[in-house]
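Keep in mind the model is a prediction, meaning the values are calculated, not measured. Whatever order the structure lists ligands and atoms in, that order sets their numbers, starting from 1. Along the sequence shown, the residues carry numbers beginning at 1.
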Amino acid sequence: MTDTIKNYINGKSQDSLSDRTMESINPANTRDIVGIVPKSNQKDIDIAVNAARDAFHKWRLVPAPKRGEIIFKAAELLTKRKQELGELVTREMGKVLPEGLGDVQEAIDMAYYMAGEGRRLSGETVPSELPNKDCKSVRVPIGVFALITPWNFPTAIPAWKIFPALISGNTVVFKPSSYTPVCATRLVEILVEAGIPEGVLNLIHGTGDEVGEPLATHPLIDGVSFTGSTNVGEKLARICSVNDKEISCEMGGKNVIIVMDDAKLDLAVEGAIWGGFGTTGQRCTAASRVVVHEKVHDKFLDMFKNGASRLRLGNGLKKTTDVGPVINESQMKKILDYIEIGKKEGAKLEIGGEAFKQGECANGYFIRPTIFADVHQKMCIAQEEIFGPVVCVIKAKDLTDAINLANDVKYGLSSSIYSQDVNNTAIAERDLDTGLIYINASTIGAEIQLPFGGTKKSGLGHREAGGRGGALDMFTKWKVIYRDYSGKLQKAQIDK
Ligand code: UN1
């Protein structure tokens, strides 16, 4: 069944004023049209941003615990509809159903976590240096946010942004990826059902060029939270910074698993398969490099190849599928181009390396899980984000060499080390220059109660998700209040 979906602006579902539409297509079977979607224009953006501006004045004054009650209700509705939404994630984006359900679960976790934040949003009270005076810092909302999200986590990443933005008292114009608009629309409908007042959350569909960039740079937008490519994120950050807008970006990765000679190899192989080929390698946190100690390199490679070549490609809704399709034709081409580059650079193609079109996969964007060995650090495939089922295996002499190789890329999102030696893992924990580090676990699977994001070209501005140093910093600013009840002029730093 094809869903005809609309924008949601100022409390109403509506078509784009452009009267144009686009299609959302199931990447496992391109004959399956998941949705017909508005292709919005500048006028739609203006109306949505103005609606969010008007709504901000009321929403910021709604007590945060009340805002939290609405988000709590949304968490309950998401929980009730988890199966249906998980299946939709799989149909629209391609990841296998357990991961589709995990995507929705991450949104549920974030909703409950942020609902509770409504009763915290804590600042500080500290003593004043003067008598009869007190001081405190409070978190206040920033204003109207543009939230721009990718297709690889169609419910989780919007949830990482929408729930903390709303609990903090901001209003939102949400522009989801044009590849997963139906998932985004269902999420917004659930928030509306939970009681979000009109104008507070607006949804506008369209392409990055026609909607994403004009929205982020709109003069009435106060802040932008973007997840996507480093090129786009850096471009938006440059424009926003000259226009005094808050901006945080979560961008690319070239994540690494280090396997030491004392690692439990079975565990490391499982971690490399899950990190490299889970979500068909389409996570910012995907393990696209495995750096292996030379003493166990050959054994690890054999085991890794064996495991990965057993993975079954197919429609993610089928129980027998291990790996789903990649998202679209242009990503498929980009990934296959990288594979060709790898071969030309002299890396050894161990398994995969080609599109897969057999049987039920004939009408989808499938690529066989691919492993390159004999990869050198300077090769393009060892440096650039491929965002597909391609893993490079690199040999290291020792721990220092492995950490140097791990850090020698422009990204710094996630890394992992497999070792039974506590000293090795402690050194890795100290020296790996990434925002997330896993010990004896793969590079994927961050939990929402901790900040999520990376160093170098992986992240700009504040971190996503929960906890101290996470999304509340992205969506609030500090206000510091000094109250003098002495009834006389007191001078800080001067009166003794
Ligand atoms: C992403 O790849 O953009 O840590 C997000 C993880 C998931 C989130 C990934 N919880 O792999």
Find all atoms of ligand 1 within a distance of less than 4.0 Å from any non-hydrogen atom belonging to [X], and give their numbers and elements.
| X | answer |
| --- | --- |
| R283 | 2 (O), 6 (C), 7 (C), 11 (O) |
| A446 | 4 (O), 6 (C), 10 (N) |
| I444 | 11 (O) |
| N152 | 1 (C), 2 (O), 3 (O) |
| I157 | 3 (O) |
| F452 | 4 (O), 5 (C) |
| C284 | 1 (C), 2 (O), 3 (O) |

Assess the side chains of [X] and [Y]: does a donor N or O sit below 3.5 Å from an acceptor N or O?
| X | Y | value |
| --- | --- | --- |
| N255 | T443 | no |
| T230 | K457 | no |
| D103 | T155 | yes |

query = In the protein, which heavy atom is nearest to atom 9 (C) of ligand 1, and how far is it?
reply =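 The closest one turns out to be F153 CE1, 3.6 Å.
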Do any nitrogen or oxygen atoms of [X] lie less than 3.5 angstrom from nitrogen or oxygen atoms of ligand 1?
| X | value |
| --- | --- |
| G445 | yes |
| T285 | yes |
| E106 | yes |

*asked:* Ring-plane angle category for W160 and F452, please: parallel below 30°, perpendicular beyond 60°, tilted otherwise.
replied: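 If you compare the ring of W160 with that of F452, the planes turn out tilted.
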task: Check the surroundings of atom NZ in K334: do more than 12 heavy atoms from other residues, nucleotides or ligands lie under 6.0 Å from it?
output: yes
Notebook entry, point to check: Can K161 be said to sit on top of F475's aromatic six-ring, NZ or CZ under 6.0 Å from centre and within 45° of the ring axis?
Noted result: no
Task: Shortest non-hydrogen contact from E92 toward Y179 - done: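 Heavy atoms only, the tightest pair is CG-O, 3.5 Å.
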Q | I257 side chain near S442 side chain, heavy-atom distance below 4.5 Å | A |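 Of all side-chain heavy-atom pairs linking S442 with I257, at least one is under 4.5 Å.
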